[in-house]
Amino acid sequence: MAYTLFYAPDSANIVVRMVLEELALPYEALEVNRTQGGQRSEAFLRFNPQGLLPVLVDPAQDEPLFETAAILLHLADSHQALQPPPAARGRLLKWLFFLSNTLHADLRALFYSERYVATESALAPLRTALHRRVTEHCALLEAEIVRHQGPYLLGTHTGVCDFYLAACLRWAQLYPHGDALPSAQLAQYPRLMAMLRALEQRPAVQKAYALEGMDGSVFTAPNYPRDAAV
Ligand SMILES: N[C@@H](CCC(=O)N[C@@H](CS)C(=O)NCC(=O)O)C(=O)O
């Protein structure tokens, strides 16, 4: 039976969509109109009470899934794909959790900074600290690719972490105002760039982005999609 993916162009659903496409899994994509408050609608909140994308409905599960990393792990386990062999399970878990609770979480704090401060004057110092953290994360990830002898985050094979990381690095170049991680700064990490170049050439990645209205070098020279709203 087919999955259902709730999405808005270039939102975190794109990570899940890349994996669905990569595994050639059947799914229906239902657009949530972010500009018209679709994520706050009663209908959508029944799927994710946080009002966040993505949501994946797996007919074999008793509840809808949310949280990008949880969905990725569920798909990787259900289909025994896009993950390293069992002896490297810890590698998958630690980096998937890092991407979710550190890199993605810090990017969210940059994208939605005003939600994280009590006063306007706290905004600038918060953003400065987050910029520094994102830079540190890139250095850490670059070193990890080297340590695993790449070209991917966990080693020679692409996996769910790579799609998540690539989308994060794409968003970081575009949002909130193209300055979370300027492209020129990202270019200083050759292993990350090589990974992004390899991923953006995969047919499944190109198809996933095309379905959400984006094309070209989606990771190394990204452009805003039509109807962008992070
Ligand atoms: N922790 C969540 C974060 C998802 C997230 O940030 N989704 C964004 C779209 S990229 C969203 O729905 N933003 C709307 C909002 O925060 O109000 C996950 O990993 O799925």
Side-chain angles (χ1 to χ4, degrees), residues 3-20 27 29-58 61 63-76 82 92-117 123 126-127 130 133-134 137 141 153 159-178 180-181 205 208-209 211-214 218-219 222-230:
Y3 295 103
T4 303
L5 175 67
F6 288 83
Y7 83 100
D10 207 19
S11 291
N13 39 260
I14 192 71
V15 182
V16 178
R17 197 195 278 267
M18 283 190 272
V19 168
L20 291 168
Y27 68 97
L30 294 182
E31 184 161 4
V32 177
N33 192 323
R34 294 188 64 175
T35 44
Q36 289 175 17
Q39 282 178 262
R40 295 275 142 213
S41 70
E42 225 176 280
F44 183 72
L45 291 173
R46 276 201 287 274
F47 289 92
N48 184 353
Q50 300 181 96
L52 298 178
L53 291 163
V55 166
L56 184 79
V57 177
D58 175 350
Q61 290 289 308
E63 292 195 355
L65 285 112
F66 51 78
E67 288 302 313
T68 307
I71 297 172
L72 295 181
L73 198 52
H74 178 67
L75 289 173
L82 297 177
L92 167 73
L93 294 178
K94 66 187 181 182
W95 287 107
L96 188 57
F97 277 70
F98 170 83
L99 292 175
S100 171
N101 70 22
T102 304
L103 180 62
H104 193 180
D106 279 354
L107 289 176
R108 270 189 58 85
L110 260 172
F111 300 159
Y112 305 107
S113 302
E114 53 306 326
R115 297 185 195 169
Y116 290 74
V117 293
L123 270 177
L126 173 69
R127 287 187 181 137
L130 287 167
R133 281 177 60 83
V134 170
H137 301 333
L141 291 157
L153 181 58
V160 289
C161 286
D162 300 308
F163 298 103
Y164 199 1
L165 173 56
C168 285
L169 294 177
R170 171 192 156 80
W171 298 322
Q173 294 172 81
L174 293 175
Y175 310 106
H177 311 291
L181 178 70
V205 169
Y209 275 93
L211 287 167
E212 296 196 8
M214 290 154 278
V218 291
F219 299 135
N223 283 312
Y224 294 100
R226 298 185 290 276
D227 299 334
V230 184

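Order of listing sets the numbers, starting from 1, for every ligand and every atom in it.
- R170 places a side-chain N or O within donor-acceptor distance of the main-chain N or O of N223, the cut-off being under 3.5 Å.
- Rounded to the nearest 0.5 Å, atoms CG (L56) and CZ (R17) are 11.5 Å apart.
- Between S11 and ligand 1, no N or O atom pair is found at a separation short of 3.5 Å.
- Between the choices Q50, R115, R40, the shortest heavy-atom distance to atom 17 (O) of ligand 1 belongs to R115.
- The distance criterion of under 3.5 Å between nitrogen or oxygen atoms is not met by P54 with respect to ligand 1.
- The nearest pair of heavy atoms linking V16 to L75 is CG1-CD1, 4.1 Å.
- Proximity to H104 (heavy-atom distance under 4.0 Å) selects the following atoms of ligand 1: 3 (C), 6 (O), 19 (O).
- Across F47 and F66, no two heavy atoms sit closer than the pair O-CD2, 3.7 Å.
- For F6, the closest heavy-atom approach to ligand 1 does not fall below 4.0 Å.
- Near R108, with a cut-off below 4.0 Å to any heavy atom, the atoms of ligand 1 are 3 (C), 5 (C), 6 (O), 8 (C), 13 (N), 16 (O).
- By the criterion of a heavy-atom distance under 4.0 Å, neither the backbone nor the side chain of F111 is placed next to ligand 1.
- Counted within 6.0 Å of CD on Q36, heavy atoms from surrounding residues, nucleotides or ligands total 12 or fewer; the atom is thus considered open.
- Compare N101, L53, V16, N13 by their heavy atoms: the one nearest to atom 4 (C) of ligand 1 is in L53.
- If you look at Y112 next to ligand 1, the close heavy atoms, those under 4.0 Å, all belong to the side chain.
- Judged by distance alone, the side chain of Q173 and the main-chain N or O of F219 form a donor-acceptor pair under 3.5 Å.
- When all heavy atoms are compared, the tightest approach of V32 to G38 is CG1-C, 3.5 Å.
- When the ring-ring contact (aromatic ring centres under 6.0 Å, His included) test is applied to H104, the partners found at least two apart in sequence or on another chain are Y164, W171.
- For the pair Q39 and ligand 1, the shortest N or O to N or O distance falls below 3.5 Å.
- Close approach of ligand 1 to Y164 (heavy-atom distance below 4.0 Å) involves ligand atoms 19 (O).
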